[in-house]
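These values consider heavy atoms only, across backbone and side chains, with no hydrogens, waters or symmetry-generated copies.
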Amino acid sequence: MDSLLIQLNTCSELISEGYSSTGNMGWLNEFCATFLDFASDLKARLPEVAPSGANLDVETIFLCLTQVVTCITHLERTITLVASPLTRQHFLDRLDWCCRRLLISLTQLESRVSSVKNLEDHSFVELMDLALDQLDDYMEKLAKESFMEEEAEEDSYQLASIVNHIVRHALAFANVSIQSDKKALTSLCETLLGECATFHEEAGDPNSGHRKLEALSLERALYALESFLNEAMLHLLFVSLTELENTSVGRLKEALQEDANEAKELIAAFDINMDRIQQIGVLAIAFSQDIKTKTIVRSCLASLESLDACIVPALQLPESAASAHHAEILEEHFNQELLIFRNVIHEIIDSCSLINNYLDMLGEGIQIQEKSHLKVIVQRGSVLVEHFRLPVNYSALSEDGQRVHKDLILILRECQAVVNLDIPVEPKRIVKRLKILYSVLAKLRDSISRDNLEPDSSVGSQNPIPCNVTRTFVRSSRSASKRHRSFVKQSGNCSVFGPQETFTESPNNESDLISFQITEILRLD
């Protein structure tokens with residue numbers, strides 16, 4: 001481990017040199033060679049110092065390795081274009097942060113200090129697991145006559161603390177959600193807190209039947225919150241990915257040059273959407289069990305967060321060749337990270353759940369029949385087009401599914417055309433096409449999930465178009481270890497995200513995890 005720390009210290013010294021004018025291509029090559037030696041040695045040592053693989057420090061190491069490679073790529077372009085010193089400082093600051101975090105994580109791994117998580121450090125999913133597992137234990141204890149009042153009160157105190165942190169996560173997501181989802185999430189949080197308070201008050205009730213009923217009510221409130229949060233996340237995904245087109249960096253640049261008032265509005269909308277992207281990413285990480293997916297999303301969020309604070313100021317710099325290169329590099333970096341983020345979300349998201357969520361919005365729009373609202377809903381259909389443009393999703397379609405997909409593209413184009421006409425159009429004409437779109441989407445969903453939908457699903461149903469349908473994609477039963485979540489695709493289930501690998505289930509997975517580190521993260525060519 002001492003040799004690793006020495007190599008890492010050398011990397012930090014080279015970063016310090018990079019801030020000066022000597023930070024040329026020769027310097028960058030030297031840093032790359034030194035860092036590659038460090039990473040190669042780390043590959044050999046990591047299974048020894050972190051045999052379980054599932055560790056906060058290991059996750060931090062993966063994030064830092066990914067960020068270093070990302071920064072190296074853009075530093076090379078910065079040096080080649082002779083961009084502004086601000087550009088170099090931006091990437092060197094991130095490299096310096098990564099090296100410092102690597103040092104801390106390696107030191108903790110060497111000292112065998114297990115990072116004990118406080119409740120504040122747990123994700124929404126982990127907190128849900130803690131709460132539901134504790135309720136399971138509570139129910140088992142109720143069956144024993146030796147379950148004492150003091151023990152029951154202690155359990156209720158612990159559970160109340162967990163529930164409070166769950167509510168904090170849910171409200172953080174609610175703050176960036178659309179207004180209707182925000183109200184619903186807030187109401188569900190209030191219900192959950194109320195059920196938790198009642199559960200705590202009844203902890204000393206000598207009637208075990210009463211206590212069991214309160215525990216079941218609390219469990220239902222937890223499931224209800226989780227279920228709706230997943231629906232709200234899909235809804236926000238449509239809103240955010242569509243809004244990325246409306247608040248692109250290119251549009252910001254044009255607005256800053258032409259209209260100061262429009263620029264202010266776009267910057268505000270841009271900031272709101274970046275907050276939404278961050279929340280979607282945070283929950284995607286929480287729901288996913290795949291270390292590769294977690295690392296990619298974490299790296300995207302880290303890059304976007306660092307760029308969020310400096311990309312608008314970069315567009316406002318006085319005109320010069322250096323400042324133009326500075327803005328160009330940051331914009332390209334920003335767009336690349338967004339593209340990676342979008343692709344990884346579309347790769348792991350479940351197609352039928354995405355369609356179901358859009359069908360709910362479409363059904364509501366058909367009921368309202370207001371043109372501006374319909375225009376927004378149709379625009380969000382581009383997210384489905386983007387989803388199936390990804391080869392992994394399109395290739396999963398059967399021949400029948402691919403045929404229906406072609407129909408989807410055609411009818412969506414018709415819908416986009418009719419809602420964007422400048423001349424007045426009768427609402428009936430718009431609604432007629434939207435109903436066809438609804439029918440085609442339902443057929444596509446049915447083709448994807450024909451053998452996997454629940455018996456009471458609407459496959460083949462001739463019922464009227466549903467409006468404001470809230471579906472629960474979380475399985476009601478839980479495994480002995482961790483539950484599968486709606487933000488994790490599962491084989492044989494119509495849920496939001498796809499099959500994820502768990503790297504803690506077998507010893508052989510450790511080599512897979514290290515292989516990913518070197519072959520995917522450390523691609524320096």
Side-chain angles (χ1 to χ4, degrees), residues 178 231 234-246 342-343 345-347 349-450 452-453 457-469 471 494 496:
I178 63 172
E231 285 293 314
L234 280 174
H235 200 172
L236 191 63
L237 189 66
F238 276 103
V239 174
S240 297
L241 295 188
T242 304
E243 192 63 18
L244 287 175
E245 307 301 326
N246 301 330
R342 294 170 77 142
N343 283 345
I345 294 297
H346 278 301
E347 182 177 348
I349 203 167
D350 181 77
S351 301
C352 67
S353 294
L354 193 67
I355 293 173
N356 276 330
N357 196 272
Y358 185 73
L359 286 174
D360 288 344
M361 290 188 285
L362 189 56
E364 180 184 0
I366 291 172
Q367 299 287 339
I368 295 174
Q369 296 189 14
E370 202 279 316
K371 186 176 178 180
S372 62
H373 181 71
L374 293 176
K375 187 174 182 179
V376 171
I377 298 299
V378 170
Q379 186 184 16
R380 291 174 187 171
S382 61
V383 175
L384 290 173
V385 176
E386 182 180 315
H387 178 75
F388 287 106
R389 191 179 290 132
L390 209 65
V392 67
N393 294 328
Y394 183 79
S395 62
L397 297 176
S398 63
E399 289 186 12
D400 180 61
Q402 292 180 4
R403 178 185 59 79
V404 179
H405 175 261
K406 290 180 181 178
D407 294 338
L408 167 64
I409 300 299
L410 290 174
I411 186 59
L412 190 57
R413 286 175 181 169
E414 284 192 29
C415 292
Q416 290 169 340
V418 74
V419 298
N420 287 310
L421 284 174
D422 293 330
I423 60 175
V425 180
E426 291 184 13
K428 289 183 179 179
R429 290 182 58 191
I430 300 176
V431 169
K432 180 179 178 181
R433 284 166 174 79
L434 293 182
K435 285 184 176 179
I436 296 173
L437 173 60
Y438 190 101
S439 176
V440 170
L441 277 170
K443 289 179 182 178
L444 182 59
R445 175 203 59 194
D446 296 348
S447 174
I448 295 169
S449 57
R450 196 181 312 278
N452 299 323
L453 289 175
S457 71
S458 58
V459 179
S461 173
Q462 300 300 317
N463 293 332
I465 294 171
C467 179
N468 293 330
V469 177
R471 297 180 180 84
C494 182
V496 178

Listed by chain and number, what are the ring pair (Phe, Tyr, Trp, His ring centres under 6.0 Å) partners of His235, not counting sequence neighbours?
-> none

Distance-only criterion, 3.5 Å: show the donor-acceptor pairs between side-chain atoms of residues 406-414 and protein atoms not counting sequence neighbours.
none

Rounding to 0.5 Å, atoms CD (Gln379) and CG (Asn420) come to a distance of 8.5 Å

Full working for side chain to side chain contact (heavy atoms under 4.5 Å, CB included) between Leu237 and Ile349 = CA-CA 11 Å; Leu237 189 66; Ile349 203 167; 3.3 Å; yes

Nearest 0.5 Å please: distance from the OG atom of Ser240 over to the CD1 atom of Ile345.
-> 10.5 Å

Considering all heavy atoms of both residues, which atom of Ile355 and which atom of Phe388 are nearest to each other, and what is their separation?
-> CD1-CZ, 4.1 Å

Asn343 side chain to Leu390 main-chain N or O, any donor-acceptor pair under 3.5 Å?
-> no

Distance from Leu359 atom CG to Ile366 atom CD1, nearest 0.5 Å?
-> 9.0 Å

Check Ile448 against Ser351 and note the closest heavy-atom contact, atom names and distance.
-> CD1-CB, 3.8 Å

From His405 atom NE2 to Leu441 atom CG, the distance as rounded to the nearest 0.5 Å | 10.0 Å

Write down the atom of Asn393, the atom of His387, and the distance for their closest heavy-atom approach.
-> ND2-O, 2.8 Å

Summary of salt bridge (charged side-chain N to carboxylate O under 4.0 Å, His left out) pairs that have at least one residue in residues 375-394, sequence neighbours excluded = Arg342-Glu386

Distance (rounded to the nearest 0.5 Å) between Leu421 CG and Gln416 CD = 12.0 Å

Listed by chain and number, what are the salt bridge (charged side-chain N to carboxylate O under 4.0 Å, His left out) partners of Glu399, not counting sequence neighbours?
-> none

Between the main-chain N or O of Ser353 and the side-chain N or O of Asn357, is there a donor-acceptor pair closer than 3.5 Å?
-> no

Atom of Gly365, atom of His373 and distance for their closest heavy-atom approach | CA-CD2, 3.8 Å

Search all heavy atoms of Val392 against all heavy atoms of Glu347 and return the closest pair with its distance.
-> CG1-CG, 3.9 Å

Got a sec, which residues hit side-chain contact (heavy atoms from CB on, under 4.5 Å) with Asp400, two or more places apart in sequence or on another chain?
-> Ser398, Arg403, Val404, Ser447, Arg450

Member of Arg433, Lys428, Lys435, Arg429 meeting the side-chain contact (heavy atoms from CB on, under 4.5 Å) criterion with Val431 = Lys435

To the nearest 0.5 Å, atom CD1 of Ile377 lies from atom OH of Tyr358 at 6.5 Å

List in chain and number order the residues that pass side-chain contact (heavy atoms from CB on, under 4.5 Å) with Ile430, two or more places apart in sequence or in another chain; answer none if no residue qualifies.
-> Lys371, Leu374, Val418, Val419, Val425, Leu434

